[in-house]
There are 2 protein chains.
Amino acid sequence: MVLSKACTYGILATLYVAKENKEFVPIRELSDELHISFHFLTKILQQLTAQGLLISLKGPKGGVKLAKDPATITYYDVIRAIDGDEVFTECVLGLPGCGHEAPCPIHEFWSPTRDLLKTTFVSQSLEESAYQINELKLRLSLGHWNLEEE
Amino acid sequence: MVLSKACTYGILATLYVAKENKEFVPIRELSDELHISFHFLTKILQQLTAQGLLISLKGPKGGVKLAKDPATITYYDVIRAIDGDEVFTECVLGLPGCGHEAPCPIHEFWSPTRDLLKTTFVSQSLEESAYQINELKLRLSLGHWNLEEE
DNA sequence: AATTTATCAGACAAATTAGTCTGATTAAAA
DNA sequence: TTTTAATCAGACTAATTTGTCTGATAAATT
Ligand code: SF4
Ligand code: SF4
């Protein structure tokens, strides 16, 4: 598993917020639509607000919204806020004291892949995905396809 | 974390066995040299023998050895034997019922990366790494560099 | 001001992963 | 044939991640 569950939930939620493009989406709406546990999602989003990616408001009409223009927020930003950047920096073999001075046998063929992993997430903004979701009606939900209404 | 700890330990151990190139390396030697818990490593290697990647022998002069020519064993084989192939097939967002018919907004930019991830591990054999370890004296151990003897 | 609706804070529980331990089994060597 | 050195099998513990719950707090509406 590349990303933790908390992290994927965080991405799904920020994508939803980005595509809705309205002020303060309540977490309840997010958890309902995305089929994610409300309380768990709440904790995750609290991390994102603490990291400055989201702004939250209590009370009626409250919820969360993006702190910045979605065009300036990348997947990498969200991932780093929740999982840290270990995925993009650590050795796939978890060897300590890694570096070019004392490379492990994996380094040579792993580091290009690791770099692409980072590039992939750095180069995609929430806005781009949000646009695609709206235009192409792409799905954005856990919960099984076709099993429920709609 | 891309690979589980069990998986990275399994890779380290098979690399060690491949580079030693002698009959039946005892697990104790592996756990000592690689600084991995003996009992934990034992369980992991049992999986690998069950999957047919290793052959084991009990008793004195016993241990494990590769079941095939290391040139024909890839990282992918070891990973699949321990972690399964979910890393290479699953969605990074863990959405269910994935596929080209109902792609999620991640698919388009994630799938090339996921493919490289697979290609990376498929295209590297244990023999190649073992060769590099021996020739370039690359390190292959948890346990901190320079802190202990040698 | 009171009520309602939302996040926030943090304790708690469940599930998964990581790691430990003991004894049984097998094979080589003495 | 006895001892010794190894894996095998499986129960057990610890740590981490995931998920649940309750109450406090804040803002908007009435
Ligand atoms: S040298 Fe490369 S592959 Fe090896 S531990 Fe460091 S980052 Fe990882
Ligand atoms: S369409 Fe692609 S990115 Fe989306 S869930 Fe399936 S594999 Fe994952």
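Order of the sequence lines fixes the chain letters, A, B, ..., with proteins taken first and strands second; residue numbering starts at 1 for each chain. For clarity, every value in this text was computed on a predicted model and none was experimentally measured.
- A heavy-atom distance below 4.5 Å is found between the side chains of B:Val64 and B:Leu30.
- With a 6.0 Å cutoff to the six-membered ring centre and a 45° limit on the axis angle, B:Lys5 does not count as a cation-pi contact of B:Tyr9.
- Sequence order on DNA chain D of the closest nucleotides to A:Lys61 and A:Ser37 puts A:Ser37 first from the 5' end.
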Acceptor/donor pairs from residues 76-84 of chain B side chains to any protein atom, 3.5 angstrom cut, sequence neighbours excluded:
| unit_1 | atom_1 | unit_2 | atom_2 | d |
| --- | --- | --- | --- | --- |
| B:Asp77 | OD1 | B:Arg80 | NH2 | 3.2 |
| B:Asp77 | OD2 | B:Thr74 | N | 2.8 |
| B:Asp77 | OD2 | B:Thr74 | OG1 | 3.2 |
| B:Asp83 | OD1 | B:Ser4 | OG | 2.6 |
| B:Asp83 | OD2 | B:Ser4 | N | 3.0 |
| B:Asp83 | OD2 | B:Ser4 | OG | 3.3 |

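- Residue A:Glu29 contributes atom CD, which lies 13 Å from atom C1' of C:dA6 at whole-angstrom precision.
- The side-chain tip of B:Lys22 does not point at the ring of B:Phe24 from less than 6.0 angstrom away and within 45° of straight on.
- Residues A:Gly63 and B:Lys58 each lie close to DNA chain C; by heavy-atom proximity, the contact nearer the 5' end of the strand is made by A:Gly63.
- Spacing between atom CD1 of B:Ile82 and atom C1' of C:dT17 amounts to 14 Å, rounded to whole angstrom units.
- The two residues A:Glu127 and A:Ala71 come nearest to each other via the heavy atoms OE1-CB, 3.1 Å.
- A salt bridge does not link B:Glu20 to B:Lys65: none of the charged nitrogens lies less than 4.0 Å from a carboxylate oxygen.
- Minimum interatomic distance between A:Ser125 and A:Pro70 (heavy atoms only, all atoms of both residues): CB-O, 3.8 Å.
- Judged by the 6.0 Å and 45° rule, A:Arg28 forms a cation-pi pair with A:Phe38.
- We find that NZ of B:Lys5 is positioned 10 Å from C1' of C:dG19, with the value rounded to whole Å.
- Residues from residues 39-51 of chain A lying near DNA chain D, meaning a heavy-atom separation below 4.0 Å, are A:His39, A:Phe40, A:Lys43 in numerical order.
- Centroid-to-centroid, the aromatic rings of B:Trp110 and A:Phe121 come within less than 6.0 Å.
- What separates CG of B:Leu12 from P of C:dA18 is a distance of 14 Å, to the nearest Å.
- Distance A:Lys65 NZ to C:dA6 P: 17 Å, rounded to the nearest Å.
- Atom OH in B:Tyr9 sits roughly 11 Å away from atom C1' in C:dT17 (whole-Å rounding).
- One interatomic measurement links the two molecules: CD1 of B:Ile36 to P of C:dT20, which rounds to 12 Å at whole-angstrom precision.
- Between A:Pro60 and A:Cys7, the residue whose closest nucleotide on DNA chain D is further toward the 5' end is A:Cys7.
- Along DNA chain D, the stretch of nucleotides lying under 4.0 Å from any heavy atom of chain A spans, 5' to 3', D:dT18 to D:dT29.
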